[in-house]
Protein chains: 2
Amino acid sequence: MNEPVGLRELKKERTRETIAETAIRLFLAKGFDQVSVTEVAATAEVSRRTLFAYFPTKEDLVLQRFADHESEAARIVRSRPAGQDPLEALREALLAALEQRDPNTGLTDDPEAKAFFGMILGTESLAVRLTRYASRGIDALAEALREAGADPLVARLTAAQVLVVQHELAVMNHTCLTAGESAGERHPEAVRAAERAFDLLSHGVGDKASGAPPAPRSEQVPRPQ
Amino acid sequence: MNEPVGLRELKKERTRETIAETAIRLFLAKGFDQVSVTEVAATAEVSRRTLFAYFPTKEDLVLQRFADHESEAARIVRSRPAGQDPLEALREALLAALEQRDPNTGLTDDPEAKAFFGMILGTESLAVRLTRYASRGIDALAEALREAGADPLVARLTAAQVLVVQHELAVMNHTCLTAGESAGERHPEAVRAAERAFDLLSHGVGDKASGAPPAPRSEQVPRPQ
DNA sequence: CCTTCCTCCTGCATCCAGTGCAAAGATGCA
DNA sequence: TGCATCTTTGCACTGGATGCAGGAGGAAGG
């Protein structure tokens, strides 16, 4: 599990970075659909053919950085404190991510991160390809939940629900931010929404999908790590 | 909102049908990726260019029939009996669909429907494009839930959860059927899974995602409102 | 029946994403 | 230095998708 870093591996990694950076820079500047891979390749000073050796599709130029995060949720569940409920671990991780303005929560003031997020949501082919990564994330999370002792059916359904909900929350946050709010302004509401969402996951919408907020879980045991 | 059916409209509709049917027939026979649109066009006896006038992409040749169903869930909620809980309406609709072996539940013995379902799930570009239709379904269902009086946040999250869960259930059913089970054999388990899923939606996974089935909801209070 | 108009169909040229192949170049190693 | 291996590259090709201009065939009016 180690890198025998020879000249080859080094240059490869560097080339890969250069290509991805160049691509994202161009895409952010002119729009994903307005830039051809030929243009990316030329700007990154590699041949078209080489670019495709590193990134199987144009979309992957943007999204492969999500590949690392695709099993994030599963990892959180696996590395949770002994005895802690998986959902609780995921909830805390989300709140922590919001606190740190993790770009994946949609809650960040970094203009480039916002633009990046917006580009993905606003580009059909990217949004679509992103769900592919998400669905692999579902598989991973479901597996982790089974390891945690969940019934396979429940594990799968819960995994799907958690990830779709996290995605929706991120989209909502991003929407508010592009509407002019700052991350700081949005943060309290983002936290409320996240807690509400996990309440729904834990306790359901009840018999009334319309219901008022269920008993607000005012104080949460503060568990960093 | 009416069709002034002249010869033109008639032929157009017929052509559209012919193209879609031809395409699906060819795709089922040889696989989606193994058939080019050129071949579809030739077989349907229209020009390539005409085909693209009817269907914007190759995927739409297969998926546009889902466009009608994309707001199905929203319709169910809107047309539910007065006083019924939206989730309850969706639950009943799903059980009814299972009973009728609705192909969309993945539970059908019709070989063509099974093959169709399998082709979509087994073809990257189709599976991915399908989620696009699903996400429009989320928008519609969320809107319907808001109309039903739900808090906007809850509406959106619930809508996303319901549809993702229905999709997962359908995939599970389809998996069992392709493994050799008949729809009749699978049905009881499919019903159990569906009820379990709606229990999760209504009452949550509880504090233990691992828990044994929560108190079996023998009878549902029929009238919370 | 003929003419005019309009719409839809068609072929062609073109762009772009993605792949196979074989030659040329760089690197690691003896 | 020389050999084996892996990268890079150019080229040709497939297949999806679009723009354009001309043609065919319904629709409408005389």
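Chain naming here is simple, since letters A, B, ... match the order of the sequence lines and numbering starts at 1 in each.
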(request) Considering just the side-chain nitrogens and oxygens of Lys11(A), establish if one lies under 4.0 Å of OP1 or OP2 belonging to dT27(C). (result) yes
(message) Taking atom types as they are modelled, would you say the side chain of Arg48(A) forms a donor-acceptor pair with the base of dG18(C) within the 3.5 Å cutoff?
(response) yes
(request) Using a strict 4.0 Å threshold on nitrogen-to-oxygen distance, state whether Arg75(A) and Glu72(A) make a salt bridge. (result) yes
(message) So that I can tick it off, tell me whether Arg156(A) and Asp139(A) are bridged by a salt bridge, with the cut-off set at under 4.0 angstrom between side-chain N and carboxylate O.
(response) yes
Nearest listed nucleotide, side chain of [X], among [options]:
X        : options                   : result
Arg49(A) : dG10(D), dG16(D), dA17(C) : dG10(D)
Ser36(B) : dG16(D), dC8(C), dC16(C)  : dG16(D)
Ser47(B) : dG11(C), dG18(C), dA17(D) : dG11(C)

(message) Could you check whether any side-chain N or O of Ser71(A) sits under 3.5 Å from a backbone N or O of Ala74(A), counting only pairs where one atom can act as donor and the other as acceptor?
(response) no
(request) Please check if the side chain of Asn173(B) supplies one atom and the backbone of Thr105(B) the other of a donor-acceptor pair under 3.5 Å. (result) yes
What contact category does [X] fall into here, base, sugar-phosphate, or nothing, at under 4.0 angstrom with non-hydrogen atoms?
X        : value
Val40(B) : nothing
Thr50(B) : base
Tyr54(A) : sugar-phosphate

